[in-house]
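In what follows, a single structure is set out as structure tokens and then discussed.
Proteins come first, then strands; the chains are lettered A, B, ... in the order of their sequence lines, and each starts at number 1. In this text, all values refer to a predicted model and were calculated from it rather than measured experimentally. All heavy atoms count here, side chains included; hydrogens, waters and symmetry mates do not.
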Amino acid sequence: MKYNPPLIEKKWQKKWNDLNIFKAKIDYNKPKYYVLEMFPYPSGSIHMGHVRNYTLGDLIARYKRAQGFNVLHPMGWDAFGLPAENAAIENKTLPSKWTYSNIQVMKNQLKQMGLSYDWEREFATCSPDYYKFEQKMFLDFYKAGIAYKKETVVNWDPVEQTVLANEQVVDGRGWRSGVEVEKKKMKGWFLKISDFAEDLLNEIDNLNEWPDRVKVMQRNWIGKSRGATLNFSINNSKDIIKIFTTRPDTIFGATFIAISPEHQLSLEISENDNKAKEFLKFCEKQSNKEVDLEKGDKFGYETGLTVSHPLKKGVNLKIYIANFVLMDYGTGAIFGCPAHDQRDYDFAKKYSLEIISVIENDDILPYTGDGLHINSDFLDGLNTQQAIGVSIQELRKLGIGKETITYRIRDWGVSRQRYWGCPIPIVFCQSCGEVPVPENQLPICLPEDINFNLKGNPLVSHPTWKNTKCPKCNDNAFRETDTFDTFFESSWYFARFTDLNPSKAFTNEAFKYWMPVDQYIGGVEHAVMHLLYSRFFMRALKFVKTIDLKEPFNSLQTQGMVCHQTFKTEKEKWLFPDQVTKENDKFFHIDTKEKVIAGRIEKMSKSKKNVVDPQQIIQTYGADTARFFMLSDSPPNRDMEWSISGIEGSWRFLNKLWNFVNSLEIQETNKKLPDNLSQLHKELLAGLNTTIKEVTKSIDNFHFNIAVASIRSLFNALSSYKILNNDDKSVILHSTKKLLILINPMVPHIAEALWENLDENNMIAIENWPSVDNTFEVNNKIKIPVQINGKMRAVIEVQKDLDKDNLEKIALEEENILKFLNKAPKKVIIIPNRIVNFVI
RNA sequence: GCGAGCGUGGCGGAAUGGUAGACGCACUGGACUUAAAAUCCAGAGUCCGAUAAGGACGUGGGGGUUCAAGUCCCCCCGCUCGUACCA
């Protein structure tokens, strides 16, 4: 009987399904375990990134089940988003139709992978049954003052008459129209994440099972900084400019003032100053991406206004409008100290402004480090920390400034000028203004009869949808046509999985039982936004008393990307891996035979064609082989390289496993370990025990590749063992069964099939994880390296825990040691069970 | 630009400060076969040496701490991710 993946995989998937093995139910007799992988956007078909993510999650789910946990392992669809609209325009279809048909396809593909989901909890976020709850949440936020409207700047495509996402802006131009993108001011809805910044920051310290790098990134994103606000009075005017600085100690080095183009003062100036107006227009054309702002050239406009330096009598500083000053951070105005800030330095050089050094240093300017202050009056001789304190004190005394804490994090703009998202439940009335939709009128559903041939947002151009009556005065009114950012849906979906209650977003009992998610797994690209928004969302829901939980994810693991070698023809055309053949270490096009250049190993991407379709892999090798390779290659948090030889190696191993287990003869008398174990038996069982320990530890630590290596080692020991008698058979059978339980979470179909072939009645899916049994530890001999000056010269085999004196004595009997030990050692370092080192 | 991470044989990767390269892939030799594939057995970091014994070198580069550094510290280089309207 040959290993036939399609046959056994279908069979066991059906059995799991028919017997409802993975259905999750509240059970207070068992500890619960909620394992969740980031749900996918239904883009069309699954890719290797999904395969990796869901294989990792499924391994954990099956492992925890075997350990006796009551496991919740759900799956759903992050179904709103831009690609559906693009597809709708391109293929003349509806976003809903496109999305739901993609879900169909992808669900089938996931099912073929044999993932142990409770499919009864599946949902798509684009269904009103889901999004109606977030309309209610938004209303709660609105009433609690967490949601508010303010002006925001968006990318505007004047030809398409539409707002563009950052990714739709290519080199400053609209991706479809190709015309220069403008910045446009619009009103949009925001959530006050900044109100929760302090708590979001503090609680990071308690996220013990999150990767440090994610925590550091979130801390930096929140960006708490202590500094000072300080007022400069504008000469010949009653007005003042309030600036924020983290370095009030450098005040004596200030040589100019710069304000954001969006600053109130900039707008006032531009009203009577055409050149200023032009400059603001120019700034509007610039990208509003953080990268471009920081990397781009610094431009300024000299307003002609000056302020007087508050601490240097008679010194005036020019006010510039500058493109690198952000309105969203601090007060939208800074003082420039070119000697000690890179951006200020660049700006000062460009506009020939004075550069005054106020911190002693030997480096070239700008110098941003610590040091003793000079040219700074009462700050002279102080270091940075001291000078910051003293300068703030002085500013307070003068009544022109004070210590201020600011955060880099900006409020979350949740408005999107798009059709395929959750409608925002607000109505605009001529007389009543903005009015929240009463809860009994929810959900506000998206219209299906839309026309993507018209310009702009189909919700705006729809003939009737936005027309409604004001809930307050019943006069004619308009609906909000913005929809939510899709991060809105993904900020609470994990809690919705705990119960699909049709009338409430969450059922108290289920929420309390299952939440928080014990193990969350997903791409590292979500390190900040999705994960921070979700943390915020829980707090916001707690604030409006919907739930009582702050942190949604107890343990987090981030996975790396799946990469593949790239191939190009000599004419620089990308090729798919299956268009390339290898002969004598050289690559050729499989049809045309032309030379192919093998490029770098890069993240799989459609544009570079270095993709492998999981569907094809599963068809050729089966899901188990794909899963096994995913786990055996790299540790999950690192990038992995997909390769044909790698997948074939996994395929070979599963075949070997299949043939080996099926070659075992099963008799009743073999089902128990023999009473008297030989030395070889003991060694084998000790090896088994080591593997159980190692696999358990490796899975707990998310080092699945080590777990795989360890299982392979055990398999090598079992399959090379010469079976001579009945006792041998019993020991091998015993060990093989344990091996199957260990490997089951990785390759569940073949494990079930072999388990059945071993005459077992229960499914391996419900077997208990093997426990560690140290009684077989027989190895009391240990190998210890002997070094001379830290260089390995010999290895001695000794009793475990042998004392220092004996270790030294035995080491000195080694020929190679004597050879190198040509004089008396200055020092001998001996650590029992570890090392002997002679220093000469 | 800023923030974060990563860098070990031909390749993926192992390694509580203590034998660098576990496990696998690719490779080489052998067995089986009319032959190939598959499978099985054996070998292998590089260099010197005889294909041995043994030795030198070796974890992106440079410096440092230590009896001992892939691991800790400093500087540099390269690549990847995020950067707020992609998900």
Taking only the side-chain heavy atoms of [X] (C-beta and beyond), determine which of [options] contains the nearest atom.
{"X": "A:Pro785", "options": "B:G18, B:U19, B:A26", "value": "B:U19"}
{"X": "A:Arg652", "options": "B:A87, B:C25, B:U19", "value": "B:C25"}
{"X": "A:Val216", "options": "B:G82, B:A4, B:G7", "value": "B:A4"}
{"X": "A:Arg418", "options": "B:C85, B:G7, B:U19", "value": "B:C85"}
{"X": "A:Met529", "options": "B:G5, B:U83, B:G1", "value": "B:U83"}
{"X": "A:Met792", "options": "B:A20, B:C81, B:G12", "value": "B:A20"}
{"X": "A:Asn220", "options": "B:G12, B:C85, B:G3", "value": "B:G3"}
{"X": "A:Ile706", "options": "B:C11, B:A14, B:U19", "value": "B:A14"}
{"X": "A:Asn166", "options": "B:A56, B:C67, B:C86", "value": "B:C86"}
{"X": "A:Ser645", "options": "B:G13, B:C67, B:C25", "value": "B:C25"}

If pairing requires Watson-Crick or G-U wobble contacts with both distances under 3.5 Å, which nucleotide is the partner of [N]?
{"N": "B:C40", "answer": "B:G30"}
{"N": "B:A56", "answer": "B:U46"}
{"N": "B:U51", "answer": "none"}
{"N": "B:C85", "answer": "none"}
{"N": "B:A4", "answer": "B:U80"}
{"N": "B:G17", "answer": "none"}
{"N": "B:G9", "answer": "none"}

For [N] and [M], measure between their [atom1] atoms and round to the nearest Å.
{"N": "B:C11", "M": "B:C76", "atom1": "C1'", "answer": "27 Å"}
{"N": "B:G58", "M": "B:G10", "atom1": "C1'", "answer": "16 Å"}
{"N": "B:A20", "M": "B:G54", "atom1": "P", "answer": "15 Å"}
{"N": "B:G18", "M": "B:C72", "atom1": "P", "answer": "11 Å"}
{"N": "B:A14", "M": "B:A84", "atom1": "P", "answer": "33 Å"}
{"N": "B:G82", "M": "B:A87", "atom1": "P", "answer": "14 Å"}
{"N": "B:U46", "M": "B:G9", "atom1": "P", "answer": "12 Å"}
{"N": "B:G43", "M": "B:G49", "atom1": "P", "answer": "24 Å"}

- Query: If each of A:Ala709 and A:Ser632 is mapped to the nucleotide of RNA chain B with the nearest heavy atom, which maps nearer the 5' terminus, i.e. the 5' end?
  - Reply: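 The answer here is A:Ser632.
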- Query: If you find the nucleotide of RNA chain B closest to A:Lys819 and the one closest to A:Tyr41, which residue's nucleotide is nearer the 5' end?
  - Reply: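 Here A:Lys819 is the residue nearer the 5' end.
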What is the separation between atom [atom1] on [X] and atom [atom2] on [N], rounded to the nearest whole Å?
{"X": "A:Lys295", "N": "B:U83", "atom1": "NZ", "atom2": "P", "value": "14 Å"}
{"X": "A:Lys289", "N": "B:G82", "atom1": "NZ", "atom2": "P", "value": "12 Å"}
{"X": "A:Glu290", "N": "B:G82", "atom1": "CD", "atom2": "C1'", "value": "10 Å"}
{"X": "A:Arg213", "N": "B:G7", "atom1": "CZ", "atom2": "C1'", "value": "14 Å"}
{"X": "A:Ile784", "N": "B:C67", "atom1": "CD1", "atom2": "P", "value": "21 Å"}
{"X": "A:Asn837", "N": "B:U19", "atom1": "CG", "atom2": "C1'", "value": "12 Å"}
{"X": "A:Leu654", "N": "B:A38", "atom1": "CG", "atom2": "P", "value": "17 Å"}
{"X": "A:Asn816", "N": "B:A56", "atom1": "CG", "atom2": "P", "value": "10 Å"}

Short question: side chain of [X], backbone of [Y] - any donor-acceptor pair under 3.5 Å?
{"X": "A:Asp485", "Y": "A:Ser415", "value": "no"}
{"X": "A:Arg416", "Y": "A:Gly413", "value": "yes"}
{"X": "A:Arg52", "Y": "A:Gly560", "value": "yes"}
{"X": "A:Gln218", "Y": "A:Leu201", "value": "no"}

- Heavy-atom side-chain proximity of A:Val524 to A:Asn637 below 4.5 angstrom: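 No, too far: nothing below the 4.5 Å cut-off.
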- Message: Does A:Lys150, at its NZ atom, have more than 12 non-hydrogen atoms belonging to other residues, nucleotides or ligands within less than 6.0 Å?
- Response: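 Yes, the 6.0 Å shell around NZ holds more than 12 heavy atoms from other groups.
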- Query: Will you find, in the side chains of A:Glu480 and A:Trp189, an N or O donor that is under 3.5 Å from an N or O acceptor?
  - Reply: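 Note: A:Glu480 and A:Trp189 side chains meet the donor-acceptor criterion.
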- Item | For B:G58, glycosidic torsion class - syn if within 90° of 0, otherwise anti |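 The base of B:G58 is oriented anti (glycosidic angle more than 90° from 0).
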- Under 4.0 Å between a side-chain N/O of A:Lys656 and OP1 or OP2 of B:G24, yes or no?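 Answer is no, no contact under 4.0 Å.
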- Which distance, rounded to the nearest 0.5 Å, do you find between the CD of A:Glu694 and the CG of A:Leu742?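 One gets 11.0 Å once the value is rounded to the nearest 0.5 Å.
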- Task: Just call it for A:Met561: base, sugar-phosphate, or nothing, with non-hydrogen atoms closer than 4.0 Å on any strand.
- Result: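 Sugar-phosphate, backbone atoms only, no base.
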- Would you call A:Lys184-A:Glu151 a salt bridge at under 4.0 Å N-O?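 A salt bridge is absent here (no side-chain N lies under 4.0 Å from a carboxylate O).
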- Ignoring hydrogens and angles, does a donor from either the side chain of A:Glu167 or the base of B:C85 sit under 3.5 Å from an acceptor on the other?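 Looking at the base of B:C85, it does not pair with any donor or acceptor on the side chain of A:Glu167 (distance under 3.5 Å).
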- Check: A:Tyr345 ring centroid to A:Phe347 ring centroid under 6.0 Å: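 Not under 6.0 Å, so no.
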- Item | Derivation and outcome, side-chain hydrogen bond (donor to acceptor under 3.5 Å, both in side chains), residues A:Trp77 and A:Asn102 | CA-CA 10 Å; A:Trp77 309 95; A:Asn102 287 348; over 6 Å; no
- Item | Residues in contact with RNA chain B, drawn from residues 713-721 of chain A - heavy-atom cutoff 4.0 Å |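 The stretch gives A:Ser713, A:Asn716 as the residues lying under 4.0 Å from the strand, ordered by number.
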